[in-house]
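Single-structure report; data block below.
On a predicted model such as this, the values are computed, not experimentally measured, just so you know. Numbers here are sequence positions counted from 1.
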Amino acid sequence: MADTKTPETEPEKQPRSVRVVLLALMITMMLAMLDNMIVGTAMPTIVGDLGGLEHLSWVVTGYTLATAASTPIWGKIGDMYGRKGAFMASIVIFLIGSALSGMAQNMGELIGFRAIQGLGAGGLMVGVMAIIGDLIPPRERGKYQGMMAGVMALAMIGGPLVGGTITDNWGWRWSFYINLPLGVVSLIAISVVLHLPRKRSQARIDYLGAGLLTLGITSIVLVTTWGGSEYAWTSARIMELVAIGVASLIGFVFWQTRAAEPIVPLHIFRSRNFTLMSLIGFITGFVMFGATLFLPLYQQSVQGASATNSGLLLLPMLGAMLVTSMVAGRVTTNSGKYKIFPVVGSVLMVIGLYLLSTMDTGTSRLTSGVFMAVVGLGMGCLMQITMLVAQNSVEMKDMGVASSSTTLFRTLGSSFGVAIMGALFNNRVQDVMSERAGSLGSKITEQSAQLDAASLAKLPAAAREAYQHAVSAGTHTAFLLGAVVAIAALVAAVFVKEVPLKGAGPQKANDGTDGPAVAPPPMAEAV
């Protein structure tokens with residue numbers, strides 16, 4: 001039965017009507033966020049059991065490729081055929097991939113099953129954000145997306161701890177099996193309590209566009225994954241991938257102007273705010289995943305933290321991100337104003353990254369914790385506001401592709417961030433090791449610039465000290481680059497136009513460049 005409550009009474013009733021749905025969505029988001037972190041912790045045990053060390057990176061790369069390539073397609077399927085069915089299908093595929101991964105008997109099977117899991121994962125985050133967009137008008141959406149940011153922060157903190165506990169006590173296969181009960185609970189809740197308008201588009205899926213986009217994204221991710229590690233950046237293989245990626249994406253853009261039902265309708269980029277939020281999301285992904293990669297390495301190598309403690313030492317950054325996300329959501333809901341958050345968030349991110357770049361071998365954990373908190377405050381202002389403003393800049397019929405495009409840009413940003421910051425870090429570490437430890441230093445880092453705790457403990461005192469200085473120099477270079485890149489987010493934030501949030505009162509007419517000025521649609525029925 002359709003909801004007939006008036007707009008004036010709706011905000012008061014809404015929290016009760018969608019509570020169960022939001023719980024199911026948070027469980028699903030937890031699945032998407034936890035998976036890679038849990039599996040990463042279990043990797044040494046997996047290799048010890050299955051062998052295939054030379055293919056280890058593909059366990060993560062296969063999952064990442066499938067997730068990135070399928071993300072925009074899931075968004076479009078939801079727009080065309082209904083959000084609920086697409087979301088439940090993505091959960092089912094993710095669970096099938098999880099079950100098969102847990103049963104893998106060799107590394108080849110595990111890589112293939114992880115790709116299946118990744119295909120489903122591409123629809124999880126998109127589905128969560130798009131369903132929130134369907135259920136809740138933007139004026140109210142901020143506080144709920146702040147809760148989702150909290151789930152993300154919790155997953156980043158708890159992932160390595162949960163992964164280690166599961167692997168040590170139950171075995172690595174339960175790193176995948178643990179998804180099954182959580183996923184089933186989410187499926188049942190979504191099936192029973194979520195009721196969205198049914199859709200049936202007469203148009204066919206744009207298979208050519210999907211193929212070109214998949215090829216382009218795959219090439220980009222492979223370039224960022226292999227460049228500087230598997231192959232030199234100037235090698236023929238990397239150049240071939242760059243050429244294929246560029247040609248595919250140019251062909252994709254050309255075809256989208258002619259397709260009857262394009263995968264990514266280009267008209268959504270006519271909105272200045274949507275384009276700016278896509279850029280800010282890319283930069284946020286670039287910075288966030290780079291920070292979460294290099295901070296634990298610095299803490300373990302220079303500050304002497306254990307692997308478990310280095311995860312806990314990220315609490316200042318993740319805790320600050322959680323608090324700021326929730327505050328930003330509440331303020332946006334109460335005031336309808338949001339431009340201040342991208343601006344302030346970008347400023348804090350630039351300052352925090354610069355402060356992190358000043359760390360050296362003498363920096364205390366308290367000092368580095370304060371620096372991390374500044375970065376966390378900045379990211380908390382940006383994480384969910386980018387999705388909120390992007391969704392507010394498009395019509396309801398494009399909610400899925402807006403959510404998937406924003407998610408895709410953040411994913412690609414993380415790939416570029418890890419690759420470029422990683423390349424600079426590795427080169428700097430190797431240079432400093434050569435300067436301080438001569439041929440011994442070069443030999444120590446010739447395979448990898450990142451040493452685990454066991455390898456570090458075996459080094460002579462002089463070599464260990466040289467490595468600590470090298471890691472400090474490497475993190476300085478990586479975070480300084482992050483600060484420079486974050487300036488682009490600040491520039492973009494300054495040009496954001498504060499268009500009234502739908503559901504925030506009467507909409508003013510606009511020139512059509514910043515999203516539709518239309519009254520919010522009737523609320524979808526949640527229960």
Side-chain angles (χ1 to χ4, degrees), residues 138-150 152-153 156 272-292 295 314-358 368-393 406 409-410 413 417 479-501 504 514-515:
R139 178 67 179 259
E140 298 295 315
R141 202 178 299 158
K143 58 185 177 184
Y144 295 105
Q145 291 190 332
M147 293 166 57
M148 295 299 171
M152 295 172 68
M156 290 180 179
R272 182 172 73 189
N273 277 3
F274 181 84
T275 302
L276 291 173
M277 286 301 134
S278 297
L279 175 60
I280 292 173
F282 179 93
I283 295 170
T284 304
F286 188 106
V287 168
M288 184 177 72
F289 285 91
T292 54
L295 280 172
L314 290 177
L315 275 172
M317 182 175 75
L318 299 175
M321 186 175 76
L322 167 60
V323 172
T324 315
S325 293
M326 299 188 76
V327 170
R330 287 286 179 181
V331 172
T332 301
T333 295
N334 293 334
S335 68
K337 304 293 185 181
Y338 54 80
K339 180 174 179 176
I340 186 66
F341 294 111
V343 174
V344 171
S346 300
V347 170
L348 288 171
M349 201 159 62
V350 171
I351 294 173
L353 288 165
Y354 174 74
L355 291 174
L356 288 176
S357 75
T358 65
S368 61
V370 172
F371 295 168
M372 284 188 281
V374 176
V375 175
L377 291 172
M379 290 194 296
C381 290
L382 296 171
M383 285 294 293
Q384 301 306 316
I385 292 297
T386 52
M387 181 66 73
L388 172 63
V389 178
Q391 290 179 337
N392 190 59
S393 302
T406 306
F409 276 107
R410 186 177 298 171
F479 286 126
L480 194 59
L481 170 68
V484 172
V485 171
I487 293 174
L490 175 59
V491 174
V494 169
F495 288 96
V496 170
K497 182 179 179 182
E498 194 149 48
V499 178
L501 295 174
D514 288 289

>> Using 0.5 Å steps for rounding, measure from the CE atom of Met321 to the CE atom of Met372.
In response: 13.0 Å

> Out of curiosity, Leu377 CG to Thr324 OG1, how far, rounded to the nearest 0.5 Å?
Replying inline: 4.0 Å

>> My understanding is that only residues two or more places apart in sequence, or in another chain, count here; which of them pass side-chain hydrogen bond (donor to acceptor under 3.5 Å, both in side chains) with Thr275?
In response: none

> When you measure from the side chain of Thr358 to the backbone N and O of Leu355, does any donor-acceptor pair fall under 3.5 Å?
Replying inline: yes

> For Thr284, which residues count as a side-chain hydrogen bond (donor to acceptor under 3.5 Å, both in side chains) partner, sequence neighbours excluded?
Replying inline: none

>> Can you give me the closest heavy-atom contact between Ile487 and Val350, atom names plus distance?
In response: N-CG2, 3.7 Å

>> So, using ring pair (Phe, Tyr, Trp, His ring centres under 6.0 Å) as the criterion, who are the partners of Phe282 when residues are at least two apart?
In response: Phe416

> Quick one: side-chain contact (heavy atoms from CB on, under 4.5 Å) partners of Ile340, sequence neighbours excluded?
Replying inline: Val344

> Counting only N and O atoms by type, is there a donor-acceptor contact under 3.5 Å from the side chain of Ser393 to the main-chain atoms of Asn273?
Replying inline: no

> Are Val375 and Leu348 close enough that some pair of their side-chain heavy atoms sits under 4.5 Å apart?
Replying inline: no

>> I need the Met379 CE to Leu353 CG distance, nearest 0.5 Å.
In response: 8.0 Å

> How long is the span from the CZ atom in Phe371 to the OH atom in Tyr354, to the nearest 0.5 Å?
Replying inline: 10.0 Å

> Are the side chain of Arg272 and the backbone of Phe495 linked by a donor-acceptor contact shorter than 3.5 Å?
Replying inline: yes

> To the nearest 0.5 Å, how far apart are CE in Met277 and OG1 in Thr386?
Replying inline: 7.0 Å

> Residues in side-chain contact (heavy atoms from CB on, under 4.5 Å) with Ser346, at least two apart?
Replying inline: Leu382, Ala489, Leu490, Ala493

> Can you check whether Leu295 reaches Leu356 side chain to side chain, under 4.5 Å on heavy atoms?
Replying inline: yes

> With a 4.5 Å heavy-atom cut-off, do Phe274 and Thr406 have their side chains touching?
Replying inline: yes

> Got a second to check how far Tyr338's OH is from Asn392's CG, nearest 0.5 Å?
Replying inline: 5.5 Å

> Taking only residues two or more places apart in sequence or in another chain, which ones pass side-chain contact (heavy atoms from CB on, under 4.5 Å) with Val323?
Replying inline: Val327

